[in-house]
Colleague: 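Once you've had a glance at the structure underneath, I'll fire off some questions.
Ligands are counted one by one from 1 in listed order, and the atoms in each one are counted from 1 as well.
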Amino acid sequence: MAAAAGGGGRPPGPDSSLEPYVQTRIFKIIVIGDSNVGKTCLTFRFCGGTFPDKTEATIGVDFREKTVEIEGERIKVQVWDTAGQERFRKSMVEHYYRNVHAVVFVYDVTKMTSFTNLKMWIEECNGHAVPPLVPKVLVGNKCDLKDLIQVPSSMALKFADAHNMLLFETSAKDPKESQNVESIFMCLACRLKAQKSLLYRDVERRPGRGHRLELTRDANGGLPYELTEGDVICVFSQYGEVVNINLVRDKKTGKSKGFCFLCYEDQRSTILAVDNFNGIKIKGRTIRVDHVANYRPPKDSDDLDEVTKTLHAKGCGVKTPPHSSSDSLSEDDDVPAKKQKDKEKSRQERQKQSSQSVKRAASAEEAYPRIKIKKEKEDPAYDRYASGSHQSWNGSERKHASRMQREEEEQRHQRQSERRGEKSSQEHRGQNSLREEREETGRKSERHSSRREESEGTRSRDQRESSTREPHSRHRERGSTRDSSHY
Ligand SMILES: Nc1nc2c(ncn2[C@@H]2O[C@H](COP(=O)(O)OP(=O)(O)OP(=O)(O)O)[C@@H](O)[C@H]2O)c(=O)[nH]1
């Protein structure tokens, strides 16, 4: 069942390797227990197949990895060898438990205190809201020291039963027991595989330009006020490119309000960020992040300088070439400052005329073709936080977009009729060309209907999303994302 082994080092991030994009699931398994029970040796035995001559107390965490094959599927077992000593684990505990898929509790069969302390380790684990679905096993190590055994198997078995865990009694040192050590992790991997689809590599790399990450603020945390947009981008670009950021600032003082909206280049990055950043501490403040459907660009206010306005409009991501001709409609992309001012005026005029939020969202979509914004209902929570006037979008931009579409359509028609004209001028129009024409018509109608299906699909999806969006429906949405990315 098992294949290649891995070594220690940094946690292999989902994008850290240059290996081709394959669907490899990663199971994060943490090994917990008192210091000196043999956690490091067990992980060495499993990942490297050896018993280390010498070990030192683990500081923070060590990572080891092994790729195994279960029923034809390659799975990466990522083993987190945690520190047993309180002083070496304090700052890391939250990281251990975040998005963990399975837990291995280890005690030393020759040391009763390491067994009685298990209660404390289980409490710690429960205190970090590890879901009940996460499999846990109990491992009694150092069974080779037969004469020194203090913890009888019957006692350990009773404890394991009481906590709904499997018990493994083994030795990292004794090579004859290596199969048993392997079974600990393989048993967990098999159980995890049997559960539903896991982890990030399964998530489609969709250009989810509308997907945003919301860094919220509550009584216990939020972004440290001193962080600038650049700081936030530095931290959050670990999991993907940030293409736009809206760090909400006080209108008068310009100081950060401690919350922010980020737009990643794809949905996968947003999911990764939610899973990895939620609950971390930055400068003593706990970060809370949510994955919500739509990125909201900053609201324009009068005292913003032109550079900032243009940056808000363009985003901060690297420019990618437009996907299609309609993408190149971005008139705003290189709007000179004066034009921007004029637009601002007419925008304000239009704002008086129309206060319908749906319309606003629709026109925003046209104003920011690079960051497509889905239509959605106005989120009152956003208005509560955000300062400054509502942004409404210029009707001329809408007209411009539709005019361009019309022109494009006309050009396409012209090209088609030219092609047809050429064909009719041919003297001998045989069966082949007739067939070609029929095929062309078929293709065209196919294209047409698929486009219609696509737009209908998008519309109904948008309708569904907007109908379920409430100020706090983010959580539901995030839950559904998790459903698809976690077991
Ligand atoms: N006899 C015997 N000794 C073992 C076994 N496993 C580990 N040891 C020894 O136990 C000591 C501690 O092992 P480690 O693996 O470093 O213990 P740990 O739980 O990782 O300790 P911390 O990193 O401090 O949390 C070392 O001297 C190992 O050689 C085993 O199966 N049998």
Colleague: With heavy atoms only and a cut-off of under 4.0 Å, state how Leu42 meets ligand 1: side chain, backbone, both or neither.
Modeller: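 Answer for Leu42: neither.
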Colleague: Tell me if a side-chain donor or acceptor on Asp34 pairs with a main-chain N or O of Val37 at a distance below 3.5 Å.
Modeller: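 No; zero donor-acceptor contacts below 3.5 Å.
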Colleague: In ligand 1, which numbered atoms sit nearer than 4.0 Å to a non-hydrogen atom of Ala57?
Modeller: 23 (O), 24 (O)
Colleague: Return yes or no for this condition: an N or O of Ala83 is under 3.5 Å from an N or O of ligand 1.
Modeller: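 No.
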Colleague: What protein heavy atom sits nearest atom 24 (O) of ligand 1, and how far away is it?
Modeller: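 Going by distance alone, atom 24 (O) of ligand 1 is nearest to Ser35 OG, 2.7 Å.
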Colleague: Among Phe115, Tyr107, Trp121, Phe105, which residue meets the ring pair (Phe, Tyr, Trp, His ring centres under 6.0 Å) test with Phe159?
Modeller: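 In the set Phe115, Tyr107, Trp121, Phe105, the residue that makes a ring pair (Phe, Tyr, Trp, His ring centres under 6.0 Å) with Phe159 is Phe115.
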Colleague: Measure the distance from atom 20 (O) of ligand 1 to every protein heavy atom, then report the residue, atom name and distance (to 0.1 Å) of the closest one.
Modeller: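 Nearest protein contact, heavy atoms only, for atom 20 (O) of ligand 1 is Thr40 OG1, 2.7 Å.
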Colleague: One residue to check: Asp34. Relative to ligand 1, which of side chain, backbone, both or neither has a non-hydrogen atom less than 4.0 Å away?
Modeller: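 Backbone only.
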Colleague: In terms of residue, atom name and distance, what is the protein heavy atom nearest to atom 10 (O) of ligand 1?
Modeller: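 For atom 10 (O) of ligand 1, the nearest protein heavy atom is Lys142 NZ, 3.1 Å.
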Colleague: Distance to 0.1 Å, residue and atom name: give those for the protein heavy atom nearest to atom 11 (C) of ligand 1.
Modeller: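 Atom 11 (C) of ligand 1 sits closest to the protein heavy atom Asn36 OD1, 3.9 Å.
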Colleague: Does the N or O separation between Gly38 and ligand 1 drop below 3.5 Å for any pair?
Modeller: yes
Colleague: Thr228 and Asp231: side chain to side chain donor-acceptor pair (under 3.5 Å), yes or no, with the steps?
Modeller: CA-CA 5 Å; Thr228 63; Asp231 297 331; 3.2 Å; yes
Colleague: Below 3.5 angstrom, do we get any N/O pair linking Cys41 and ligand 1?
Modeller: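 It does: an N or O of Cys41 is found under 3.5 Å from an N or O of ligand 1.
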Colleague: Treating Ser256 as the side-chain partner and Gly258 as the backbone partner, does any N or O pair qualify as donor plus acceptor under 3.5 Å?
Modeller: yes
Colleague: Could you tell me which atoms of ligand 1, counted from 1 in the order shown, lie closer than 4.0 angstrom to a heavy atom of Asn141?
Modeller: 5 (C), 6 (N), 31 (O)
Colleague: I need the Asn141 CG to Phe168 CZ distance, nearest 0.5 Å.
Modeller: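 Here the rounded value is 13.0 Å.
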Colleague: Quick check: does any side chain N or O of Arg89 sit under 3.5 Å from a backbone N or O of Val93, one acting as donor and the other as acceptor?
Modeller: no
Colleague: Backbone, side chain, both or neither: what part of Thr55 comes under 4.0 angstrom of ligand 1, heavy atoms only?
Modeller: side chain
Colleague: Quick one: look up the protein heavy atom nearest atom 31 (O) of ligand 1 and list residue, atom name and how far away it is.
Modeller: Ala172 N, 2.9 Å
Colleague: With a 4.0 Å heavy-atom cut-off (strictly under), which part of Asp144 contacts ligand 1: side chain, backbone, both or neither?
Modeller: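 It is the side chain that gets close, since no backbone atom is under 4.0 Å.
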Colleague: Examine distances only and state if a side-chain atom of Arg285 and a backbone atom of Gly222 form a donor-acceptor pair shorter than 3.5 Å.
Modeller: yes
Colleague: Do the side chains of Lys66 and Val79 get nearer than 4.5 Å, heavy atoms only?
Modeller: no
Colleague: So if I apply the salt bridge (charged side-chain N to carboxylate O under 4.0 Å, His left out) rule between Asp108 and each of Lys173, Lys142, Lys39, which one comes out positive?
Modeller: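 By the salt bridge (charged side-chain N to carboxylate O under 4.0 Å, His left out) criterion, Asp108 pairs with just one of Lys173, Lys142, Lys39: Lys142.
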Colleague: Is it true that a side-chain atom of Ser178 and a backbone atom of Asp174 form a donor plus acceptor pair closer than 3.5 Å?
Modeller: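 Not at all, since once roles are kept as given, no pair shorter than 3.5 Å links the two residues.
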Colleague: Which ligand 1 atoms does Leu145 reach within 4.0 Å, using its non-hydrogen atoms?
Modeller: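 Counting atoms of ligand 1 from 1, those under 4.0 Å from Leu145 are 1 (N).
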Colleague: Would you call the rings of His128 and Tyr97 parallel, tilted or perpendicular, taking 30° and 60° as the class edges?
Modeller: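 Rings of His128 and Tyr97: parallel, under 30°.
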Colleague: Among Glu177, Lys54, Lys39, which residue places a heavy atom closest to atom 19 (O) of ligand 1?
Modeller: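 Among Glu177, Lys54, Lys39, the closest heavy atom to atom 19 (O) of ligand 1 comes from Lys39.
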Colleague: As an exercise, identify every atom of ligand 1 less than 4.0 angstrom from a heavy atom of Thr58.
Modeller: 22 (P), 23 (O), 24 (O)
Colleague: Using a heavy-atom cut-off of under 4.0 Å, does the side chain or the backbone of Phe51 touch ligand 1, or both, or neither?
Modeller: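 Answer for Phe51: side chain.
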